[in-house]
Amino acid sequence: MKPALIIVALIASAALLVPLLLPYDHISIDWNSVRAGLFTDGHLLGTDDLGRDRLARLLVGTRVTLSVALAAALVALVIGVAWGAIAGWVGGRTDEFMMRIVDGLYALPFMFVVILLMVVFGRSILLVFLGIGFVEWLTMARVVRGQVIALKQRPFILAAEAAGSPARATLLRHILPNVAGVAVAYLMLTVPHVVMIESFLSFLGLGVQEPLTSLGILVNEGSEEMDMNPAALLLPGGVLVLLIACLTIAGERFRDRLVDAAK
Amino acid sequence: MSSGYTVRNLAVRVGGRTIVDDISFTLAPGEIVALAGASGAGKSMSAMTPFGLSAGVASGSALLDGVELVGLPEPDLSRIRADKIGFVFQQPLTALTPHRTVRQHLQEAAMQAGGAKPGKTAMVAMLDAVGLSRPEERLAQYPHRLSGGERQRVLIAAALAHGPRYLVADEPVSALDAALRGEIMALLVRLCRDRGMAMLLVSHDLAGIEHHADHLLLLDQGKVAESGAAGQIAMAPATDYGKRLMAATPRLSEPLHALPETGEPLLEVEGAHVHFPKPGWRRGRIDAVVDASLALAKGETLAIVGGSGSGKSTLGRAIAGLGPMASGTIRWKGDELPPRRHRSAEHRRLIQPVFQDPLASLDPRWNVADIIMEPVKWLVPEGHRHGRAEDLLEEVGLPCDFANRKPAALSGGQAQRVAIARALAANPHMLLLDEATSALDPLVADGVVALFGRLQRERGLSLLFITHDLALARRTAHRIAVMEAGRIVECASREELFANPQAEATKRLITASA
């Protein structure tokens, strides 16, 4: 888990800090060097066909992708844990009703919903957060509900009832702390998934809007000039692959560790 | 070539630690040798490692019919296992492959040593020999259709299918219902005697094996504490460990010790019914408890005894307000206790539970002090809270510095003592003990039973002692109620119940436990 997390931390801090040190930002156009190659005129990675610094755009794109992923995963965490915990804890008809809603939402084609949202409300980064979080919470709710139902049958919950602990206190003090590990592990696996979805949406032109950029947009742009300038595709693509791989590895290790600890 | 199984100076190491050291015994053809002892004593390791069926590495010597097993490569060991030995394991629920029928299990077992595929008559005879009813039908059945006892019989049939000369049985009856244990053990012994098979038996339940085994080895922390003729050790153990182990094992034949005096009537249950809806989409209901009535006085112990599924835990939970109750009344000193959701803190404080699985009944994320004081927080009004977790720990015989531990750092017996301290924290008048000692080792369980006795004397507690172990009930309870299929079929003082049992279920239990 450690090396993977360190790589993610390095990428994230580079995306946050390095743009502050660069002489160029991701928007301004350097008229003197359009389509510059690597290491020319202070552009370490060159410039794109509008003369914008590629390094600045790569870092800002990474920053946008990561923050969309984090925000969407947090949205999923909050809604999913609350929904799943209530459904699993209350049980019975309430549980049936709440989980049928989840099933119904699962059945909606995700891309269709996102495109509809974009068409109705226009493209905005906030909408991307919401749209992705809206889909990701469904699985989180199912995972948490299953955990809560399993925990509910453990004797220590019965012991809490015997100790006079009110239902709400039992849920907050006994159930949720014991669900937290699984929820965090699943959250860590949600982040790379969201990174992928965001990049996919942006690649299709449905994500964030120019001149703001994201890894998906950069890959899309890079793919158009990959025959002349493969670095334009390989660099954002490489960062994307590295991020997804490392986040997934860290998440799975964390989950495995939880499973071991539960034994 | 000498026949028989001879173990000399066997040692087993697992990951650099010596688990078993210097064990020697001889298993002559047709003989039954039992390895007994507390858990962690190395019983299973000593029995299984020479046959390559454990994670341990054996050294020393284990001669089977003149062939040295220690150091033998796995392919040769595998052939010897298939040729000569049958194995019966503890978990009948998991030892059968769920997607294969009884027929497939028997065929595979019979053919493991290269034998011919057995015909239907042969397989029916195998199932008949282990006492399974309707053997023809059984052949086509999958494991989930069989009860625990039936599965264990199928496993025994499979272990014998290739006609082995030796049988290794690792806790063959521990996972079964009390009433079944004696029956299955007797079946194993009869099969051995009839076929001249030798059996190596591993068990923690001394009372269950001492009449069956010829030779008994008591293991303690990987070493032989005592070894000799089984009857001899059972009657008069020579070592201190043997004495403690024997004393910790309740028997129906032991003399009755006096129990504390009882006081005024405390709890009265009249006509309790509990039923659950059938699982899934099926209509109908399961009657878990039918028309149960009982009474408990101050300082009295009432044992509820019955097989699994007899409704004894359900009844106990209904009384403590921890489970549903469809109808009936529960009175405490004449005042009716309201149903589950309407019990006040004062009602809940009166009756506190201790459950079977000690570790599962403690929240793994809380520390011991918080666990113990949880009932105080909710059940004792502010201003009356003077107990401290440390005092309670001391009362249940644990050191004070356990207060900061997490449950994962406790052994089973320690965790159960913490659960008892929690039950005592709100100063209850009655404890509901739901199989509170049956998940524990004999010596540890004996300590916990002694603790209950002491608490009863010191605090004047009433105990509702739910157990499947009739001998334990006889040792601890003033009166015993026998449950079967949700009904209390008999309730009498312990002297009367054994002198003059009325119900069929009681007689069966007494026979099974003797």
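So that the names make sense, note that chain A is the first sequence line, chain B the second, and so on, each numbered from 1.
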### Query
Is the backbone N or O of Ala160(A) less than 3.5 Å from a side-chain atom of Glu374(B), with the two atoms forming a donor-acceptor pair by type?
no
### Summary
Applying a strict 4.5 Å limit to non-hydrogen atoms, the region of Arg317(B) in contact with chain A is side chain
### Task
Against chain B, label Ala167(A) side chain, backbone, both or neither, depending on which of its atoms sit under 4.5 Å from a heavy atom there.
neither
### Task
Would you name the heavy atoms of Trp378(B) and Ala163(A) that are closest together and state the gap between them?
CB-O, 3.2 Å
### Identified side chain to side chain contact (heavy atoms under 4.5 Å, CB included) partner of Phe156(A) from the options Leu362(B), Leu359(B), Asp357(B), Asp363(B)
Asp363(B)
### Query
So how far is it from Asp434(B) CG to Leu158(A) CG, rounded to the nearest 0.5 Å?
9.0 Å
### Task
With the side chain counted from C-beta on, respond yes when Asn178(A) and Pro364(B) share a heavy-atom pair under 4.5 Å apart, and no when they do not.
yes
### Task
Search all heavy atoms of Arg348(B) against all heavy atoms of Gly164(A) and return the closest pair with its distance.
CD-CA, 4.0 Å
### Query
In this structure, are over 12 heavy atoms from other groups packed under 6.0 Å from Arg100(A) atom CZ?
yes
### Query
Side chain, backbone, both or neither: which part of Arg422(B) has a non-hydrogen atom closer than 4.5 Å to chain A?
side chain
### Task
Mark yes or no for whether Trp366(B), through its side chain, and Arg173(A), through its backbone, hold a donor-acceptor pair below 3.5 Å.
yes
### Task
Report, as yes or no, whether the 6.0 Å neighbourhood of atom NE2 on His174(A) holds more than 12 heavy atoms from other residues, nucleotides or ligands.
yes
#### Entry: Leading residue by heavy atom contact count with chain A [cutoff under 4.5 Å; candidates Gln356(B), Gln352(B), Arg365(B)]
Arg365(B)
### Message
Less than 4.5 Å to any heavy atom of chain A: does that hold for the side chain of Ala360(B), its backbone, both, or neither?
### Response
both
### Query
Are there more than 12 heavy atoms of other residues, nucleotides or ligands under 6.0 Å from atom OH of Tyr106(A)?
yes
#### Entry: Heavy atoms of other groups near Phe276(B) CZ, more than 12 under 6.0 Å
yes
